[in-house]
Structures are given as structure tokens and as C-alpha cells.
Amino acid sequence: MQSSAVSEITNTMPPALLVSATYDSQKKSAVLKFYEPISQKVLLWTDNTGHKPYCYSKLNPEELKFLSERKDIIKLEKASKQDLLRDRAVDVTKIVVSDPLAIGGTQTDKSIRNILETWESDIKYYENYLYDNSLIVGKYYAIENGKLKEFSYSIPDEVQLALKGLLYDKLTNVGIIDTKEFQDHIIEWANLLNQPVPKIKRVSFDIEVQSETGRIPDAKIAEKTITAISFCGSDGLKEVFVLKLAGKQLGTNELEPDIKISFYDKEVEMIRDAFKILTNYPFVITFNGDDFDMPYLYNRAERLGIELKDIPLIMMRDSATLKHGVHIDLYRAFSNRSFQIYAFSHKYNDFSLNSIAEGLIEESKIEYEGELDDLSLYELANYCFNDARITEKLTSFNNDLLMNLLVVITRIGRMPIDDISRMGVSQWIRSLFYYEHRKHNYLIPRREELEQKSATASTEAVIKDKKYRGGLVVEPTEGIHFNVFVMDFASLYPSIIKVRNLSYETVRCTHDECKKNTIPGTNHWVCTKKNGLTAILIGSLRDLRVNYYKSLSKNPSLNEDQKQLYTVVSQALKVILNASYGVMGAEIFPLYCLPVAEATTAVGRYTILETIEKCKSVGIQVLYGDTDSLFLKGPTRDQVQSVVNWAKTEFGVDLDLDKEYRYVVFSTRKKNYLGVQKDGKVDVKGLTGKKSHTPPFIRNLFYEILGILSEVKTEEEFSQSKQKIGDMISQYAKKLKAKQIPLQDLAFNVMISKAPSEYVKTIPQHIRAAKLLEQTREIKKGDIISYVKILNKPGVKPVEMARPDEIDSAKYMEFMESTFDQILSSMDLDFNSLIGAPKQTGLDQFFWN
DNA sequence: GCACGCCTCCAGGAG
DNA sequence: GTCTCCTGGAGGCGTGCC
């Protein structure tokens with residue numbers, strides 16, 4: 001008999017991490033999920049305080065009397081809330097109900113939010129429960145005598161000391177933010193974020209299913225047999241189940257010796273055993289389990305006659321979870337753009353398990369010839385286990401980086417960890433803001449109340465169809481520049497939000513006397529009487545990251561584990577802060593407020609423009625700049641310091657030295673440059689040669705050229721390098737002309753961002769190729785299409801369908817020319833003369849000679 | 001009929 | 001389903017020329 005990883009809490013619980021919350025529709029109560037790190041179990045706790053769902057109305061209880069006849073209405077209660085938009089108290093009626101569906105159900109004639117104008121009726125019940133009880137997911141709690149109690153680990157002295165230093169640094173509080181309220185927030189954040197993150201016990205699993213050629217099995221029907229199930233646990237479990245099928249070769253066992261393999265005669269027995277393993281772990285990890293593995297297993301189990309009570313899974317509208325444990329679908333987590341860019345620095349380009357694994361952990365899926373169904377049983381086992389192993393490794397590399405990040409973001413967003421892993425930044429920030437509203441008894445505004453503010457934009461975007469103007473990009477100074485300093489403003493937009501007190505309720509506030517506190521370049525003004533909620537929340541997180549965690553993560557007196565935590569916290573803050581401005585300008589964000597986003601970028605442009613003027617006035621040449629960065633040509637330390645000090649006192653922003661380049665090459669193009677740092681490291685920005693869709697042979701040539709450039713130290717060496725570069729390019733050009741380049745290396749790799757049929761306005765090249773591919777296999781959005789350019793008809797063909805003799809070499813030469821001109825033109829080199837083509841006729845001559 | 005210029009769509013990237 | 005700014009390739013369409 002296996003012991004379950006889960007148990008119901010009766011009366012007591014040792015300190016455990018609050019990880020998730022749900023609603024139990026049978027018991028009609030909120031249920032909390034705790035992870036207890038010593039027993040490594042999930043503990044369930046059902047509310048015993050009688051908390052009930054509710055929403056608010058501005059009608060008084062008398063006017064709402066007609067509701068009291070309903071059985072699902074418990075009571076109507078007078079309440080007073082603070083209305084931030086109008087800066088005054090407001091009387092409301094709290095409508096308390098017995099079931100969340102009474103408020104937000106789909107029955108249009110019954111659900112209260114459909115028949116009345118209501119406030120705070122679009123919040124999930126378990127979220128309400130968390131907010132009302134000031135429960136913070138990711139915090140430790142204990143239970144004594146049936147009562148929930150906060151639990152805090154003590155923080156090392158040197159960490160507390162660093163915090164004090166931050167609070168007494170007066171310079172960090174330029175602006176009108178009230179020091180006391182602001183500093184209380186900082187302390188509260190630090191105490192929460194400094195709590196240790198426990199090791200989370202987990203298992204990953206993966207299933208394989210029989211399938212027809214090119215068809216993806218349907219998880220809803222689950223009519224095909226499950227042939228293998230593999231598991232990989234953080235505790236060292238390595239196990240794979242394989243179904244013996246008639247006519248299948250056994251093959252030879254090439255599994256690593258520590259992997260346990262079991263063969264089954266009956267699929268249903270294999271599934272039952274799989275359920276035993278899954279219930280034995282508090283956390284279950286999958287790759288695409290929401291859409292495939294979990295529903296397939298669930299529906300297949302049902303189809304094979306396993307009773308519902310014996311299936312430990314729960315299917316929801318667009319996700320899947322466990323009755324007791326927590327399910328994290330890594331496909332959902334890694335698809336989050338904020339994670340992809342800010343936490344994992346764009347090391348993977350698409351969201352397939354293989355790309356993510358190659359980019360982050362240098363692992364890949366096992367390749368096989370032919371069909372999966374043709375593999376021997378041992379081969380299948382090996383393939384299947386490898387997927388589970390990679391999936392687990394994606395959560396454990398870098399000392400459990402991903403798990404730790406999720407826990408820390410959970411703390412900031414006050415949101416269950418399974419929701420954090422599935423939802424975007426706008427949802428995280430929504431949750432954080434709702435929590436804060438409840439904490440201070442502020443009424444959360446309805447969308448319509450905020451819409452009035454967003455109706456009028458006062459700036460015009462540079463790009464057509466955009467709502468407001470964004471960051472400023474300085475025209476680069478063309479040429480090669482030696483000894484270049486890159487300065488950047490630390491968290492510019494969050495700094496602006498803090499210093500200018502920006503928030504939905506403070507921008508264009510109701511007070512007449514605030515109207516003279518204007519935002520440059522707009523007709524907006526900002527409140528001078530009250531601190532903005534956004535300014536406090538984002539501002540305090542910004543100060544923590546910039547002044548505290550960045551240095552804590554390098555503090556030599558701390559041990560590795562501690563430093564690790566602070567690095568993770570710093571990264572989590574980076575993710576949140578980078579998104580915080582953007583959501584203010586996103587309609588899907590419930591507190592969307594266009595003037596806040598507009599004011600933020602307007603002040604950003606003002607700040608960088610004024611700083612450029614300041615640089616000029618102290619004699620520094622500014623070569624380029626983009627939004628929050630400045631490229632300075634050979635400034636002295638003193639010059640830099642004077643600008644830094646000026647920016648701090650004038651605007652309250654931190655201007656930091658980001659990089660020193662030995663030299664930088666600019667063309668006339670914005671967002672396009674190449675820089676070589678003092679240690680020879682090459683930075684390439686925006687150039688086509690680097691882009692992921694560029695054919696490998698051009699990208700390889702591009703990187704070889706960068707290799708040459710990284711060696712260059714002086715202007716003389718630079719001239720010498722030109723010869724080498726020329727030789728290299730003409731060598732590749734000759735190969736191309738002679739058709740010696742393998743087809744694979746000629747392929748453009750472009751992602752299809754919607755279903756092929758949805759391209760109606762124009763048919764791009766990769767879609768033309770995809771349509772040819774569709775004849776043999778299914779094409780979904782998110783797939784990467786590999787195609788080559790050919791001479792005939794549509795001009796493109798999928799690589800696997802093309803022949804070497806139909807390649808359009810001239811097209812490739814054109815692409816090479818434009819790609820390398822991006823660097824060559826500003827180095828005084830000409831592509832055509834490099835490859836030995838005559839000036840006038842250029843490419844044509846080169847080709848037909 | 002076809003070269004061209006102009007605009008739009010699309011993808012990928014910087015910040 | 002955070003945002004705007006920028007580049008480059010190709011498709012689509014109208015215009016004017018032969």
C-alpha cells in the first residue's frame with residue numbers, strides 16, 4: 001500500500017507554504033492547498049469560518065429587496081468603501097450569496113452581475129477568500145486548534161542591515177511619495193520575499209499513444225491505446241511503463257541501468273499504476289499536460305471503466321489539475337513571453353519541448369526514423385522516458401530556478417502557483433492590485449468608470465494604429481566609433497511611475513489644485529494630495545530591486561543558498577517591473593488607464609531628451625540612444641559622473657554605466673548595431689544575420705565575420721580585418737553559386753502565428769510553403785515552417801520537398817547582400833566588390849560569368 | 001501586358 | 001492576450017507606358 005502525498009488537515013499543521021486555493025462545490029467552501037516541506041506533502045484545509053461569496057451594489061438594501069426572496073441570497077449588508085477615482089467614501093450594499101454561481105454563473109437571467117450594476121463581481125471566489133483573509137500565497141502558515149496562523153522564518157542580520165541602509169538612503173525617495181507609507185511597503189515586501197523557498201518534491205510524466213500517420217490523437221475522445229507512460233521524480237524516481245502489444249518487437253534494452261521498466265499486458269492496469277505514482281507526489285509536472293496528457297489519461301481511464309472516484313485528476317475548461325496535488329504545465333509557463341524574454345533571455349525561440357530544452361539545458365528529444373509506432377518496445381520506453389526526464393530537468397536546472405521563480409512570483413501576485421504558471425503578467429498584476437484594494441477597503445472600480453479617462457489620448461503614436469506615443473529612439477551616428485560607454489536608466493518606467501506618482505486614480509484626479517502639476521508633452525496632470533496606489537506598489541518593488549536585491553545577490557558575507565534566493569527574487573522583480581507599465585496601456589487589464597501609460601512614456605522621452613542636452617552641455621557626444629539608454633563617445637569619468645548626479649537630483653532616476661565597448665558599428669538604421677566589448681564579447685542587435693529565421697548558411701557566415709571582428713582592437717587592425725571578411729564572403733558566395741550548400745542550410749525558418757486558413761489578406765511565403773506541407777501532415781499555429789526559395793511557380797517549397805537543382809541562387813545572393821550590407825556599408829565596404837562582381841552590373845555579372 | 005510606385009501585411013527584433 | 005518603435009521581405013493594387 002502506497003502512502004498518499006496528501007492528507008486532510010484536522011486540527012494542527014506544522015509550518016507549510018500556502019501554494020494554491022480552490023473552491024469545493026460540494027462543501028461550498030474555499031479550500032487551501034499547503035505544501036509541508038518536511039513530510040513533502042500537500043495538505044488540504046477547508047475554510048471553517050463560514051466565509052461566503054459576495055459582490056457590491058450602489059443600490060441600498062431597500063432597493064435590492066427583490067433579491068432577498070431568492071434562496072441563493074444570504075443577506076444584504078450596508079458597507080462603506082473608499083472610492084479612489086472620486087476621492088471620497090461611498091455607501092454600498094454587500095450582497096452575500098451561498099454559491100459563487102449566483103453572482104457569476106452563466107444563467108443570464110439569474111446571475112447577479114447580469115441583472116444589476118455590480119462591483120467586484122468578476123473575481124474568482126477563491127481569490128476573494130485569499131484577499132479577504134489577507135492570505136498570501138507563497139507565505140508560510142501553521143494551524144493550531146483549527147486556526148490559521150502566519151509563520152515567518154527569521155531573516156539573517158546582514159540582510160536586515162542592508163534593508164536599513166536602503167531606508168535611510170534619502171536619495172531613493174525623491175518626489176512626492178510619502179516616506180512613511182512607502183517605507184512600510186518596502187519593509188513588508190522584503191520580509192515576504194526574504195522567506196526561504198522550500199525544495200518542492202515533484203514528478204514529471206509523459207504518455208505515448210498509438211496514432212495514425214500525421215494525425216495527432218484527440219484527447220477528448222481518447223480512442224487510441226496508451227502505449228507507454230514515463231515518470232521522472234525530483235527524488236530520483238525513474239520509471240517507465242510499457243504496454244505489450246501484439247506484433248511489437250521487444251528490441252534490446254538500452255535504457256540507463258537506473259531506469260525501472262515494467263511491461264503490462266493490460267492498458268487499464270498500467271493506468272491504475274500510473275495514478276498510484278501521481279497521487280504519491282504533491283506536484284505533478286507535464287509538458288502540454290493541460291491540453292493532452294492529463295485529459296487523455298482521464299478520458300482513457302473513463303473509457304476503460306475506471307471509476308471516477310479512482311481517477312485522481314480533475315478536468316477544467318482549459319486546464320487540468322489533481323484532486324489533491326498541484327499540476328504545473330511547462331508548455332504554458334514557458335509560453336509566457338515575460339518568462340521567455342526577461343527570465344530566460346530569449347534563449348529559446350519557439351515553445352516546443354525540443355527548442356526549450358536545447359536553449360536552456362542543452363538536451364533534446366530522441367530522434368527516430370519513420371513512425372513512433374514502428375519503434376521496438378525498448379526504443380519506445382527510451383523515447384518516452386527521455387521526455388519525462390527533460391521535462392523534470394526544465395524545472396530543476398540552475399538549482400530549481402523555475403520552481404523558485406514561480407514561488408516568488410506567487411508571493412508578489414498573491415495568486416495560486418498553478419494560476420501563476422498558466423496566466424500572463426496582466427493577471428498577476430491584477431491580482432496584486434485587487435489584494436491591495438481589499439486590504440485598504442478601496443472599492444475596485446468598474447471598467448466603465450475607468451474608460452472615461454482612457455477616452456482621450458493626448459499624444460500621437462509614431463506608428464499608425466497605435467494608441468499613444470512610446471519611447472524615443474535617437475538617430476544613430478553612422479560609422480565605427482571606438483571607446484563607447486553605454487549608460488542606461490535603471491528601471492526607467494517604474495522609476496517614473498514612482499517619482500511622478502502615477503496611478504489610475506492620481507492621473508487626471510478630481511482636485512482643481514492639482515491641475516498645475518502637469519506632465520510634459522501631454523495635457524495630463526497628477527494628484528499632489530494623495531499617493532497613487534500604482535506608484536507605491538511599483539515604486540517600492542523598483543526600489544527593492546535596484547537598491548537592495550541587486551547588491552544582496554552579490555553580497556560576499558552571504559552563503560550560496562541565500563545569494564541564490566536573492567538572485568531569483570531579483571529576476572522575479574525584473575519580470576514584474578518590466579510588465580507593470582505595459583499593462584496600464586492594455587485594454588485587457590481591468591485597471592487599464594491610457595493616461596497612465598501615456599504619461600509614463602512622455603516623461604521617459606522628456607527625461608532622455610533632457611539628459612542628451614545635459615551631455616552636450618558638458619561636452620559629451622551622444623552617438624545613439626533607445627528609450628532608456630545612451631551611447632556616449634569616449635567620455636571622461638568626471639563627465640559621466642556629473643550627468644549621473646544631475647539625473648538623480650533633477651529627475652530622481654538612476655543612470656548607470658551598463659557597458660563599455662572597445663568599438664561600436666552603427667549604420668543609419670535604428671535598433672541595429674554591433675558592439676565589441678573590452679573582453680572581446682560581441683553584442684549584435686537587430687541585424688538580420690542574427691535573426692532566427694535567417695538560413696543557417698548565412699547565419700554561420702555572419703557569426704564567422706563576428707569572430708573576426710571580435711579580435712579587432714585598433715583602427716589599424718580594423719582595416720586588416722576587412723580583407724579577411726571579404727575573402728570569407730566570396731568563398732561562401734562561390735559555394736552558393738556552385739550549389740554546394742546543403743538544402744537544410746538554405747532553409748528559412750519562420751513561425752506560423754495563426755492557422756494557415758486564417759491568412760486571408762495576403763499569403764506570405766511561409767504560408768505558401770505550409771500549404772504544400774499540409775498535404776502530408778497537420779500544421780498548427782506556433783509551428784516553424786522550413787522552406788527554401790526556388791526558381792519556379794510559387795517561389796518557395798518546404799525543405800523536405802525541394803531538390804537542389806531548383807534552388808533560386810540569385811535570390812539567396814540578394815538576401816546575402818542585404819544582410820551583410822547592414823554591417824559592410826558602415827565599414828566602408830561594398831558587397832559586390834568583395835565578391836568580385838563588377839560595380840555597375842553587380843550581381844547579374846557575378847552570376848552569369 | 002507589365003514595369004513601377006505605393007501601401008499593407010507579416011515576422012522578428014530592441015527596449 | 002503588457003506596451004511602442006523599427007527593419008525588411010513580399011503581396012496586392014492602381015497607374016502609366018508601350
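Excluded from the calculations below are hydrogen atoms, water molecules and symmetry mates; all remaining heavy atoms, backbone and side chain alike, are included. Chain letters run A, B, ... following the sequence lines, proteins first, then strands; residues in each count from 1.
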### Task
Assign A:T600 to base, sugar-phosphate, or nothing according to its heavy-atom contacts below 4.0 angstrom with the strands shown.
nothing
### Task
Select from A:H766 and A:K464 the residue whose nearest nucleotide in DNA chain B is closer to the 5' end of that strand.
A:K464
### Query
Is there a donor in the side chain of A:R768 and an acceptor in the side chain of A:Q765, or the other way round, less than 3.5 Å apart?
no
### Query
Does A:K347 NZ have over 12 foreign heavy atoms under 6.0 Å away?
no
### Task
Measure from the side-chain heavy atoms of A:V473 and tell me the nearest of C:dG11, C:dT7, C:dC5.
C:dC5
### Task
For atom CD of A:Q744, decide whether the heavy atoms of other residues, nucleotides or ligands shown that lie under 6.0 angstrom number more than 12.
no
### Query
Where do A:F339 and A:L406 land on the side-chain contact (heavy atoms from CB on, under 4.5 Å) test, with the steps shown first?
CA-CA 10 Å; A:F339 273 134; A:L406 288 173; 3.9 Å; yes
### Query
How would you label the contact of A:F589 with the nucleic acid (heavy atoms, under 4.0 Å): base, sugar-phosphate, or nothing?
nothing
### Task
Map A:M751 and A:T627 onto DNA chain B by nearest heavy atom, then report which one ends up closer to the 5' terminus.
A:M751
### Query
With a 4.0 Å cut-off on heavy atoms, is A:G582 in touch with a base, just the backbone sugar-phosphate, or nothing at all?
base
### Task
Give the nucleotide from the list C:dG9, C:dC3, C:dG8 with an atom nearest to the side chain of A:Q822.
C:dG8
### Residue A:K671, side-chain atoms from C-beta onward, closest of B:dG13, B:dA11, C:dT2
B:dG13
### Query
With a non-hydrogen cut-off below 4.0 angstrom, is A:S753 in contact with a base, only sugar-phosphate, or nothing?
sugar-phosphate
### Message
What contact category does A:A597 fall into here, base, sugar-phosphate, or nothing, at under 4.0 angstrom with non-hydrogen atoms?
### Response
nothing
### Touch class at under 4.0 angstrom, heavy-atom based, for A:Y493 against every strand present
nothing
### Task
Could you tell me whether A:R469 contacts a base, only the sugar-phosphate backbone, or nothing, with contacts defined as non-hydrogen atoms closer than 4.0 Å?
sugar-phosphate
### Task
Pick base, sugar-phosphate or nothing for A:S338, based on heavy-atom distances below 4.0 Å to the nucleic acid.
base
### Query
NA contact type, A:I763, heavy-atom cut-off 4.0 Å: base, sugar-phosphate, or nothing?
sugar-phosphate
